[in-house]
Amino acid sequence: MRIGILGTGNMADALATHWVRAGHDVIVGGRDAHKAERLATRIGGGAKPGSLRAAADSGQVVLAALPFGVGVDVVRDLHVALEGKVLLDCSNPVGPGFRLLTEGGASAAQQLATAAPGAHVVKAFNLCHEDVWRMRPPVFDGRPLAVPVCGDDETALGRVRELVQDVGCEPVAGGGLERAGLLEATAALFIALWVGEGADAQAIAPPLAYAAGPSHEEEETEGGTRAFRQGPR
């Protein structure tokens with residue numbers, strides 16, 4: 001797969017490194033040619049540096065690894081080059097006080113879709129710190145990290161699911177692009193819990209078997225009385 005990277009920051013570095021190792025052709029695009037060249041050299045494996053436009057032109061999938069507030073302007077400038085392509089958004093619109101900057105409006109991913117109406121925007125890779133994505137692979141207690149993926153085009157979703165697997169993770173259907181805002185809000189909550197409270201965000205949800213609560217089944221006891229047995233469904 002040909003992958004264009006818009007941006008030269010930590011998320012670009014972490015994800016592109018996995019994809020190069022998986023055999024994909026990667027072009028790292030940046031406003032600063034020196035930064036793009038330096039990142040491509042660090043990634044290695046044949047990754048090539050270029051401009052933002054070169055990355056958009058080359059990629060079947062284009063990763064927008066750009067801060068919220070910057071991505072829309074960059075994508076709008078490149079909308080012709082992005083026509084018909086997968087535009088992968090990993091941004092988090094989270095501001096001071098762990099505030100969701102898009103509250104009451106369109107999600108960051110939907111704003112990119114408006115800026116490049118011919119692109120197939122997919123939201124993924126926004127729930128973890130970049131150093132989690134650098135892990136080879138991100139597996140915890142023997143279980144690969146699950147990555148929710150939101151988008152409207154099935155071909156685009158299929159390509160992103162492949163890229164999730166190339167990172168060593170398990171893709172999870174997150175619904176259409178209209179649900180991307182829920183992923184972004186989840187990131188804001190998780191960051192507030194992890195960073196603001198030092199709390200284990202994983203602990204706020206029960207295991208899948210208990211997602212609808214424990215089952216309650218009456219059992220006959222040895223003494224002839226009725227009792228309730230609790231357990232997973």
Side-chain angles (χ1 to χ4, degrees), residues 1 3-7 9-24 26 43 59-68 71 85-94 100 102 107-110 112-113 119-195 200-208 211:
M1 199 182 303
I3 303 173
I5 307 293
L6 305 180
N10 290 327
M11 285 296 290
D13 184 0
L15 294 174
T17 297
H18 283 288
W19 295 336
V20 165
R21 288 176 180 145
H24 300 293
V26 170
I43 292 170
Q60 296 166 291
V61 175
V62 179
L63 172 69
L66 300 163
F68 176 69
K85 298 183 177 182
V86 182
L87 181 59
L88 177 54
D89 174 36
C90 64
S91 68
N92 274 323
V94 180
L100 188 64
T102 56
S107 69
Q110 288 173 313
L112 292 187
H120 303 299
V121 178
V122 177
K123 186 81 182 189
F125 296 111
N126 72 305
L127 292 183
C128 297
H129 189 274
E130 62 264 14
D131 285 340
V132 173
W133 303 122
R134 295 182 199 276
M135 295 175 66
R136 299 177 59 186
V139 173
F140 304 94
D141 295 327
R143 185 174 63 177
L145 184 69
V147 179
V149 178
C150 292
D152 296 328
D153 182 85
E154 188 54 43
T155 299
L157 289 168
R159 286 183 168 169
V160 173
R161 285 193 291 264
E162 179 182 341
L163 295 178
V164 168
Q165 291 168 336
D166 288 337
V167 175
C169 300
E170 293 291 337
V172 175
L177 195 65
E178 77 279 357
R179 293 175 65 87
L182 299 180
L183 279 186
E184 295 168 6
T186 299
L189 173 62
F190 280 10
I191 293 168
L193 290 173
W194 286 325
V195 179
D200 181 1
Q202 277 196 324
I204 69 175
L208 177 60

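Computation of the quantities below employed the complete heavy-atom set of this structure, encompassing side-chain atoms and omitting hydrogens, waters and symmetry-equivalent molecules.
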Would you say [X]'s side chain and [Y]'s backbone share a donor-acceptor pair under 3.5 angstrom?
| X | Y | answer |
| --- | --- | --- |
| Asn10 | Glu130 | no |
| Lys123 | Ser91 | yes |
| Asp153 | Thr155 | yes |

Result of checking Asp89, Leu6, Leu112, Ile5 against Leu66 for side-chain contact (heavy atoms from CB on, under 4.5 Å):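 Answer after filtering Asp89, Leu6, Leu112, Ile5: Leu6.
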Point-to-point distance, once rounded to the nearest 0.5 Å, from [atom1] of [X] to [atom2] of [Y]:
| X | Y | atom1 | atom2 | value |
| --- | --- | --- | --- | --- |
| Leu163 | Leu63 | CG | CG | 9.0 Å |
| Cys128 | Ile191 | SG | CD1 | 10.0 Å |
| Glu184 | Thr102 | CD | OG1 | 5.0 Å |
| Ile43 | Trp19 | CD1 | CH2 | 10.0 Å |

Qualifying residues under side chain to side chain donor-acceptor pair (under 3.5 Å), relative to Asp13, sequence neighbours excluded: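 Scan of Asp13 (side chain to side chain donor-acceptor pair (under 3.5 Å), adjacent residues dropped) gives Thr17, Arg42, Arg134.
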Pairing residues for His18 by the side chain to side chain donor-acceptor pair (under 3.5 Å) criterion, not counting sequence neighbours: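 By the side chain to side chain donor-acceptor pair (under 3.5 Å) rule, His18 matches no residue at all.
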Check: Val122 and Val149 side chains under 4.5 Å, non-hydrogen atoms: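 Answer yes - side chains close enough.
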Ile204 CD1: over 12 foreign heavy atoms closer than 6.0 Å: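 Buried by this count: over 12 neighbours within 6.0 Å.
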Chi angles and distances behind the side chain to side chain contact (heavy atoms under 4.5 Å, CB included) call for Asp152, Glu178: CA-CA 9 Å; Asp152 296 328; Glu178 77 279 357; 4.0 Å; yes
side-chain hydrogen bond (donor to acceptor under 3.5 Å, both in side chains) contacts touching residues 158-167 (sequence neighbours left out):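 Every pair satisfying side-chain hydrogen bond (donor to acceptor under 3.5 Å, both in side chains) with a residue in residues 158-167: His24-Asp166, Glu154-Arg161.
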Full working for salt bridge (charged side-chain N to carboxylate O under 4.0 Å, His left out) between Arg143 and Glu170: CA-CA 9 Å; Arg143 185 174 63 177; Glu170 293 291 337; over 6 Å; no
